[in-house]
**Student:** 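The structure follows.
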Amino acid sequence: MCGERGDKPYLKKEGMTLVRCADCGMVFVKNVSRALAEGTFYNEGAKDLYVSNDKLRGDYSPVRYKRELRL
């Protein structure tokens, strides 16, 4: 983001390497897999979670809406 080209490995998780920018300190994934970048990973692996009736009811409940407005 800042334009710096240097980074250092920060953390490895599930085959991904997170790096920290040498200049601004931002942490990001280097070499993101195609499935993650295109969103197919989420569509295939968690489709039932994202569109389940329970999730939708929770996301759009009046109680949650009022709480979010207060925040």
Side-chain angles (χ1 to χ4, degrees):
M1 293 298 294
C2 71
E4 173 66 30
R5 295 289 179 215
D7 54 57
K8 295 180 181 180
Y10 178 72
L11 176 73
K12 289 190 180 214
K13 182 177 181 181
E14 297 181 22
M16 293 185 286
T17 300
L18 283 78
V19 296
R20 182 184 294 271
C21 174
D23 192 36
C24 72
M26 180 176 166
V27 176
F28 58 97
V29 176
K30 199 162 193 169
N31 301 323
V32 177
S33 73
R34 182 179 207 109
L36 284 172
E38 293 177 347
T40 56
F41 170 85
Y42 300 101
N43 292 338
E44 293 167 7
K47 183 177 181 180
D48 293 337
L49 173 65
Y50 292 130
V51 295
S52 73
N53 287 332
D54 288 339
K55 170 120 175 63
L56 293 174
R57 270 195 302 275
D59 287 349
Y60 295 102
S61 73
V63 171
R64 181 174 180 177
Y65 181 74
K66 289 176 185 177
R67 183 183 71 222
E68 298 292 327
L69 285 177
R70 280 195 314 268
L71 293 172

**Student:** By side chain to side chain donor-acceptor pair (under 3.5 Å), which residues pair with R34, not counting sequence neighbours?
**Tutor:**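 With neighbours one apart ignored, the set is E38.
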
**Student:** How would you list, by chain and number, every residue that makes a salt bridge (charged side-chain N to carboxylate O under 4.0 Å, His left out) with R20, sequence neighbours excluded?
**Tutor:**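 For R20 there are no salt bridge (charged side-chain N to carboxylate O under 4.0 Å, His left out) partners, ignoring immediate neighbours.
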
**Student:** Can you establish whether the number of heavy atoms outside Y65 located under 6.0 Å from its atom OH is more than 12?
**Tutor:**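 Count not over threshold, so no.
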
**Student:** So, for P9 and V19, which heavy atoms are closest and what is the spacing to 0.1 Å?
**Tutor:**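 So the two residues come closest at CA-CG1, 4.0 Å.
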
**Student:** Measuring from atom CD of E68 to atom CZ of R64, what distance do you get when rounded to the nearest 0.5 angstrom?
**Tutor:**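 It comes to 5.0 Å.
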
**Student:** Let me confirm one number: the CE-CG distance from M26 to D7, rounded to the nearest 0.5 Å.
**Tutor:**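 The CG atom of D7 is 11.5 Å from CE of M26, to the nearest 0.5 Å.
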
